[in-house]
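Inspection log for the structure reproduced underneath, given as structure tokens.
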Amino acid sequence: MDDAATEPSMIDLQDVHLTYDGAREVLRGTSFSLRPGDFRFLTGPSGAGKTSLLKLIYAAHFATSGRVEVFGQDLSQTVASALPTLRRRIGVVFQEFRLLDHLTAFENVALPMRVMGQPQNSYRDDVIELLTWVGLGHRIDATPTVLSGGEKQRVALARALVAKPDLILADEPTGNVDPVMGEKIMRLLLELNRLGTAVIVATHDLNLVRGLKQPILRLKDGVTTLHGPMPAEADASAEATEGAGS
Amino acid sequence: MSSTSEAPSVRSGNAPILPENGISGFSLGVVIAVLAFLAGIALTAFFAVDSAVRGWSGELTGSITVQVRGMSAAEIDSSTASALAVLQETVGLSNVAVMPRGEAEALLEPWLGSGNLPADLPMPALVTADVTPELRAALDPLRARLAEDVPGASLNDHGAWTDQLVEAARRMRGLAFLAFCLITAAAASVIVFAARSGLAAHRNIIEVLHLVGATDSFIAGQIGRRYLLLGFAGGATGAFLAWVVTKVLAVVTTDAGGFLPAFSIDTSTALWMLVIPLLLGTLSTVSARIAVMRTLKTDKFV
């Protein structure tokens with residue numbers, strides 16, 4: 001990480017405000033940065049604005065004011081035609097999965113490769129390997145309509161990883177899986193981070209955060225603060241209650 | 001990540017990224033087919049009228065008729081012989097012949113009925129001849145000579161008929177082509193409307209595609225390809241139906257044996273029918289692509 005500390009930021013937010021419908025202010029002057037190879041847990045209670053913050057990074061929303069810079073590009077100055085290139089460098093695990101119901105698990109995972117114009121034989125094995133790794137090797141031809149919530153989440157995770165992105169944004173990636181699979185997913189994200197991929201995991205599950213020895217970006221009252229890793233013996237329920245009450 | 005020791009079988013592959021039944025359904029295919037059918041009929045009408053114009057012009061401008069009138073049959077016979085002599089020595093005329101009295105009487109039957117003409121009625125004689133285009137363009141000297149040498153003779157070059165018929169047919173041909181263009185424009189409008197509606201109906205899919213890095217051009221290409229197939233299939237169906245109907249109409253109009261041109265379809269017209277599916281396929285994909293690109297730029301898609 002020492003080398004990474006000298007590298008320019010991959011993400012740089014400065015005094016970012018985000019207001020919905022001109023009234024509800026979700027972010028109130030948030031600032032933080034992320035360098036290549038960094039890992040952050042983004043915590044805060046439900047409704048704190050974690051998902052909104054991630055949406056600013058993958059350019060699904062735009063800040064009301066302040067500066068959002070991703071991969072060196074100021075998103076307020078970036079033309080729409082440049083966004084696909086930027087988004088291809090980001091793998092997103094959406095909280096609501098956002099799978100296409102008429103496509104199979106294989107086709108959903110392969111979607112980022114198809115939109116990049118890659119021939120199927122160049123990614124076919126990778127897609128199968130990813131689906132097998134997340135425990136869906138037997139559900140490759142199944143459509144999301146017949147998959148459980150946990151299975152959909154794993155397909156969404158595989159889709160986020162298939163294009164080998166520089167940055168992974170995971171919004172509650174373990175919200176619908178059992179603890180064993182949840183731990184497996186977290187270990188995968190940590191392994192990808194160890195190989196150089198920057199990762200932000202948004203979660204309100206502090207039991208997940210505890211003991212993984214990764215920095216925490218806490219979102220409270222529309223402002224983020226950076227904290228060190230949560231000790232394994234910390235009282236996660238107290239932390240969660242504090243966040244929820246703020 | 002562990003590698004797989006035995007790769008599972010995969011049946012799925014490059015399924016259409018947009019659902020089959022949403023953006024372009026059966027109903028839209030029917031509409032395209034109907035428009036293609038109408039376009040086919042309009043196209044056939046255009047070529048039928050065009051063919052008729054050529055036929056009429058060729059028949060009427062390629063011949064002249066000299067009518068010889070007189071007070072008695074003897075006078076008519078004498079004048080007819082003079083007219084024949086003048087016409088036969090005129091350069092540019094051929095097949096000069098006097099129409100037999102029987103044929104001349106047959107021309108009057110629609111008005112006077114059969115067998116109602118007295119044998120001694122001094123019926124005008126008709127002398128017909130084929131004329132070259134050069135002579136037809138300068139008939140005045142011949143007309144003057146006939147007036148001078150053959151009393152009671154008048155030359156008819158069918159000019160009045162020809163000009164009126166050709167003008168009327170030219171307008172009909174223009175109307176048929178206008179109808180074809182309007183039908184084609186209607187097809188383009190339907191496609192644009194359907195593409196925009198489909199885009200709105202599949203907004204969630206479009207947003208996912210954007211979020212995984214799809215360009216507007218990629219999305220427009222996916223939708224455009226769908227409409228290419230739809231336009232081609234609908235166009236082919238409609239053109240085939242138009243061809244069948246035209247064949248039936250050709251039989252009906254031929255049996256009628258009327259003055260109007262037969263609603264027939266020759267080889268060249270049949271080949272033009274093949275243009276309809278190609279035209280509608282191309283028009284559909286281009287219209288859809290333009291509509292999608294514009295909508296993605298102006299609407300607030302992620």
Side-chain angles (χ1 to χ4, degrees), chain A residues 55 58-61 80-92 94 96-108 110-117 119-120 124-134 136-143 159-163 165 188 191-192, chain B residues 1-26 198-226 229 289-302:
Chain A
K55 284 182 175 177
Y58 61 81
H61 286 170
S81 59
L83 291 179
T85 305
L86 183 137
R87 286 170 175 154
R88 289 174 188 180
R89 298 179 66 185
I90 305 174
V92 184
F94 302 101
E96 66 278 23
F97 319 132
R98 304 200 76 161
L99 301 177
L100 304 189
D101 284 345
H102 64 288
L103 299 183
T104 64
F106 177 92
E107 289 159 349
N108 266 288
L111 202 55
M113 309 306 287
R114 283 182 72 180
V115 304
M116 284 192 278
Q120 191 185 134
R124 185 178 180 279
D125 292 344
D126 288 346
V127 172
I128 294 172
E129 186 176 335
L130 267 171
L131 280 168
T132 304
W133 187 86
V134 296
L136 293 175
H138 62 298
R139 304 288 269 164
I140 281 175
D141 291 317
T143 58
R159 183 180 63 186
L161 303 180
V162 71
L188 169 68
E191 176 67 11
L192 290 169
Chain B
M1 204 182 308
S2 63
S3 62
T4 49
S5 56
E6 186 179 342
S9 64
V10 181
R11 290 193 306 276
S12 49
N14 287 327
I17 286 179
L18 296 163
E20 292 281 2
N21 58 350
I23 269 184
S24 55
F26 176 75
L199 213 54
H202 295 292
R203 189 181 188 94
N204 57 333
I205 295 176
I206 303 300
E207 290 189 346
V208 170
L209 292 176
H210 271 157
L211 291 174
V212 299
T215 60
D216 287 354
S217 180
F218 173 85
I219 295 168
Q222 293 288 319
I223 296 174
R225 194 172 302 128
R226 175 76 53 80
L229 298 174
R289 193 179 170 90
I290 291 172
V292 170
M293 290 295 283
R294 282 189 179 169
T295 306
L296 289 175
K297 277 187 171 46
T298 52
D299 284 13
K300 287 190 173 178
F301 280 86
V302 166

* **Heavy-atom proximity to chain B below 4.5 Å, by part of A:A60** => both

* Between CG of B:L18 and NE2 of A:H102, what distance do you get to the nearest 0.5 Å? -> 6.0 Å

* State the CD1-CG distance between B:I205 and A:L99, to the nearest 0.5 angstrom. => 11.5 Å

* Asked: Considering all heavy atoms of both residues, which atom of A:R98 and which atom of B:N204 are nearest to each other, and what is their separation?
  -> NH2-O, 4.1 Å

* Smallest separation among heavy atoms of A:P84 and B:G213, with atom names -> CB-O, 3.4 Å

* How long is the gap from CD on B:E207 to CZ on A:F94, to the nearest 0.5 Å? -> 10.0 Å

* To do: Could you tell me which of A:R114, A:Q120, A:R87 has the largest number of non-hydrogen atom pairs under 4.5 Å with chain B?
  => A:R114

* Distance (rounded to the nearest 0.5 Å) between B:I17 CD1 and A:L100 CG -> 8.0 Å

* To do: Count the heavy atoms belonging to other residues, nucleotides or ligands that lie under 6.0 Å from CZ of A:R88, then report whether that count exceeds 12.
  => yes

* Under a 4.5 Å heavy-atom cut-off, does chain B meet the side chain of A:R89, its backbone, both or neither? -> neither

* Given B:L209, B:L211, B:T215, the one that forms side chain to side chain contact (heavy atoms under 4.5 Å, CB included) with A:V115 -> B:L209

